[in-house]
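Heavy atoms only: backbone and side chains are in, while hydrogens, waters and symmetry mates are out. The residues of the chain are indexed from 1 along the displayed sequence.
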Amino acid sequence: MPTTETTWLVTPDTITAVDDAVDSYGVYAKGYFECVDGRTTVVGLRVGTGEDRVVARFGDTLVRHPDGRWSARPASATA
């Protein structure tokens, strides 16, 4: 098990690579959609399922902790 956390910046340009990286850990991930200006639009990445799922919106940093947990640091917290 890794001893340090791993992070990814989630953006429209990186979402596919981040999704692939999450998948490599055997964790379910898919685009996260919201209604924007009347259209359903991908706005980030959803990681995991159920109560433990994490949503990282574009600009957020997705974090995989050494113990296998996932979290998202909001863009405002990383600025």
Side-chain angles (χ1 to χ4, degrees):
M1 185 176 309
T3 58
T4 60
E5 66 183 28
T6 305
T7 62
W8 299 266
L9 179 62
V10 180
T11 71
D13 292 333
T14 65
I15 190 169
T16 301
V18 175
D19 188 350
D20 290 346
V22 172
D23 287 346
S24 75
Y25 287 103
V27 176
Y28 176 81
K30 69 179 269 181
Y32 183 72
F33 294 81
E34 289 181 340
C35 185
V36 177
D37 296 327
R39 301 179 83 159
T40 302
T41 306
V42 65
V43 296
L45 187 68
R46 184 177 80 189
V47 177
T49 59
E51 294 178 11
D52 294 331
R53 79 174 175 213
V54 171
V55 173
R57 289 179 165 73
F58 291 146
D60 292 352
T61 299
L62 180 65
V63 180
R64 183 178 188 278
H65 299 274
D67 64 2
R69 289 180 305 109
W70 295 85
S71 66
R73 291 188 188 125
S76 61
T78 58

> Which residue pairs pass the salt bridge (Lys or Arg N to Asp or Glu O under 4.0 Å) test with at least one member in residues 34-47, sequence neighbours excluded?
Replying inline: E34-R57
> According to the salt bridge (Lys or Arg N to Asp or Glu O under 4.0 Å) rule, which pairs have a member within residues 4-24, sequence neighbours left out?
Replying inline: E5-R73
>> Please report the interatomic distance CH2(W8) to OG1(T61), rounded to the nearest 0.5 Å.
In response: 11.0 Å
>> Please say yes or no: joined through hydrophobic side-chain contacts below 4.5 Å, possibly via intermediate residues, are V63 and V27 part of one cluster?
In response: no
>> In this structure, would Y28 and I15 fall into the same cluster of hydrophobic residues linked by side-chain contacts under 4.5 Å?
In response: no
>> Is there a side-chain contact between Y25 and T6 in this structure, where contact means two heavy atoms from C-beta onward sitting under 4.5 Å apart?
In response: yes
Test of understanding: with side chain to side chain donor-acceptor pair (under 3.5 Å), list the residues that count as partners of [X], not counting sequence neighbours.
X   : answer
S71 : H65
R53 : none
T14 : T11

> Between L45 and V18, is a side chain to side chain contact (heavy atoms under 4.5 Å, CB included) present by the stated rule, with each step listed?
Replying inline: CA-CA 9 Å; L45 187 68; V18 175; 3.6 Å; yes
>> Which residues pass the side-chain contact (heavy atoms from CB on, under 4.5 Å) test with V54, not counting sequence neighbours?
In response: L62, W70, A72
>> Tell me the closest heavy-atom pair linking V22 and A29, and the distance in Å.
In response: CG1-CB, 3.7 Å
> Which heavy-atom pair separates S24 from A21 by the least distance, and what is that distance?
Replying inline: OG-O, 2.5 Å
> When clusters are formed from ILVMFWY side-chain contacts under 4.5 Å, directly or step by step, what else is grouped with V55?
Replying inline: Y32, V36, V43
